[in-house]
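Worth knowing before you read on, the calculation uses all heavy atoms, side chains too, and leaves out hydrogens, waters and symmetry mates.
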Amino acid sequence: MTQKPKQEAEQEVEATGFELFRDKLRLLYHGSSPAAVRFQFSVLIVDVAILAFFIASPLLWDSPTYLYVDYSIAALMFADLAARMLASTDITRWLRQPANWVDIFILATLLVPVLGNFGFLRVLRLWTISQSQVIWKPLRKHGLMRYEDAGKAVINLVTFLFVVAGFIFTFFYAPGSGIDGYLDALYFTVTTITTTGFGDITLPGPLGRITSIIVMIIGISLFVRLAQQVFRPFKISFPCPQCGLQRHEPDAVHCKACGHILKIPDEGN
């Protein structure tokens with residue numbers, strides 16, 4: 001019986017240790033044990049703190065500590081992205097997910113000053129947070145999954161609101177233009193999205209008109225989507241095995257499209 005070469009044995013031990021590390025990360029990010037829930041909740045709190053910094057960034061640019069905080073957040077985001085990638089069972093599939101590409105772009109805006117004009121897109125971090133199951137699992141656990149779709153609609157609207165406000169502040173800010181600060185940009189965005197149209201602040205030139213049109217169209221669509229989620233009868237996502245219809249009433253016995261018998265579990269189970 002031949003013994004394995006020493007170098008090959010060491011490589012096997014290293015590989016085994018690396019896989020154990022990945023398994024531990026996987027349990028922390030995707031598990032449901034008390035330790036995993038505490039870890040996921042801690043990550044969520046850090047994400048919310050980072051998001052608050054991104055929203056307040058236009059007001060903090062002149063602060064002497066801004067760059068220190070900026071690079072510290074970049075280090076945190078890099079560590080989180082690397083850990084989530086290692087925790088994935090299929091890294092190729094992980095790289096194809098849009099939320100991860102958004103986070104990679106946000107990380108680039110933190111590290112590369114030339115991308116500073118696109119810093120307002122960091123607020124998209126709110127949308128990537130909304131894709132995390134950490135937010136929605138407690139609702140499902142306590143039978144409150146009826147609020148999940150409405151919650152996502154609210155997050156989409158708020159994300160759009162702050163991204164547009166950041167875009168307007170970045171590209172239309174100028175003394176005497178009406179957009180004299182971030183608060184003016186946010187005020188204009190809210191009045192445009194709600195179609196209030198006070199007219200005390202307007203965006204100049206063809207680009208300003210095009211921007212206003214796009215903001216109104218998308219903003220109204222998001223408002224309608226939110227209203228639908230709040231006021232329409234609640235339905236759950238449960239694909240019909242026969243025809244594939246995705247949404248049904250919680251107490252449905254038969255699929256309303258094909259009549260197939262459904263076996264929808266009770267909420268919270």
- Message: Ring centres under 6.0 Å, that's the criterion: do F172 and F188 meet it?
- Response: no
- Ring-ring centroid check F160 F223, cutoff 6.0 Å: no
Which value, rounded to the nearest 0.5 Å, describes the distance between [X] atom [atom1] and [Y] atom [atom2]?
{"X": "Q40", "Y": "I45", "atom1": "CD", "atom2": "CD1", "answer": "12.5 Å"}
{"X": "M85", "Y": "D103", "atom1": "CE", "atom2": "CG", "answer": "13.0 Å"}
{"X": "I73", "Y": "D80", "atom1": "CD1", "atom2": "CG", "answer": "12.5 Å"}

Which atom pair, heavy atoms only, marks the closest approach of [X] to [Y]?
{"X": "I106", "Y": "T109", "value": "O-OG1, 2.6 Å"}
{"X": "S212", "Y": "L203", "value": "OG-CD1, 4.0 Å"}
{"X": "T211", "Y": "I168", "value": "CG2-CG1, 4.5 Å"}
{"X": "T170", "Y": "G166", "value": "OG1-O, 2.7 Å"}
{"X": "N100", "Y": "L81", "value": "O-CD2, 4.4 Å"}
{"X": "R84", "Y": "W94", "value": "O-NE1, 3.7 Å"}

- Message: Walk me through whether F162 and L186 qualify under side chain to side chain contact (heavy atoms under 4.5 Å, CB included).
- Response: CA-CA 7 Å; F162 282 106; L186 183 59; 4.2 Å; yes
- More than 12 non-hydrogen atoms from neighbouring residues, nucleotides or ligands closer than 6.0 Å to OH on Y187, yes or no? yes
- Message: Once salt bridge (charged side-chain N to carboxylate O under 4.0 Å, His left out) is applied, what residue pairs with a partner in residues 34-60 remain, sequence neighbours excluded?
- Response: D47-R125
Check whether any side-chain N or O of [X] sits under 3.5 Å from a backbone N or O of [Y] as a donor-acceptor pair, and report yes or no.
{"X": "D70", "Y": "Y66", "result": "no"}
{"X": "R22", "Y": "L86", "result": "yes"}
{"X": "S33", "Y": "A36", "result": "yes"}

- Message: Would L157 and L161 count as a side chain to side chain contact (heavy atoms under 4.5 Å, CB included) here? Give the steps.
- Response: CA-CA 6 Å; L157 180 60; L161 175 67; 5.7 Å; no
Do you reckon [X] sits in the same ILVMFWY cluster as [Y], going by side-chain contacts under 4.5 Å, direct or chained?
{"X": "V190", "Y": "V224", "value": "no"}
{"X": "L27", "Y": "L25", "value": "no"}
{"X": "L183", "Y": "I201", "value": "no"}
{"X": "I220", "Y": "L222", "value": "no"}

- Query: So I193 and M216, side chain to side chain contact (heavy atoms under 4.5 Å, CB included) or not? Walk me through it.
  - Reply: CA-CA 5 Å; I193 287 179; M216 281 188 284; over 6 Å; no
- Co-members of I213 in a cluster of I, L, V, M, F, W and Y side chains, linked at under 4.5 Å: I217
- Query: Is the closest side-chain heavy-atom distance between Y29 and F39 below 4.5 Å?
  - Reply: yes
- Item | Sub-4.5 Å side-chain heavy-atom contact between R26 and D23 | yes
- Query: For R225 and N156, what are the C-alpha separation, side-chain angles and deciding distance, and is it a side chain to side chain contact (heavy atoms under 4.5 Å, CB included)?
  - Reply: CA-CA 10 Å; R225 175 66 175 168; N156 290 339; over 6 Å; no
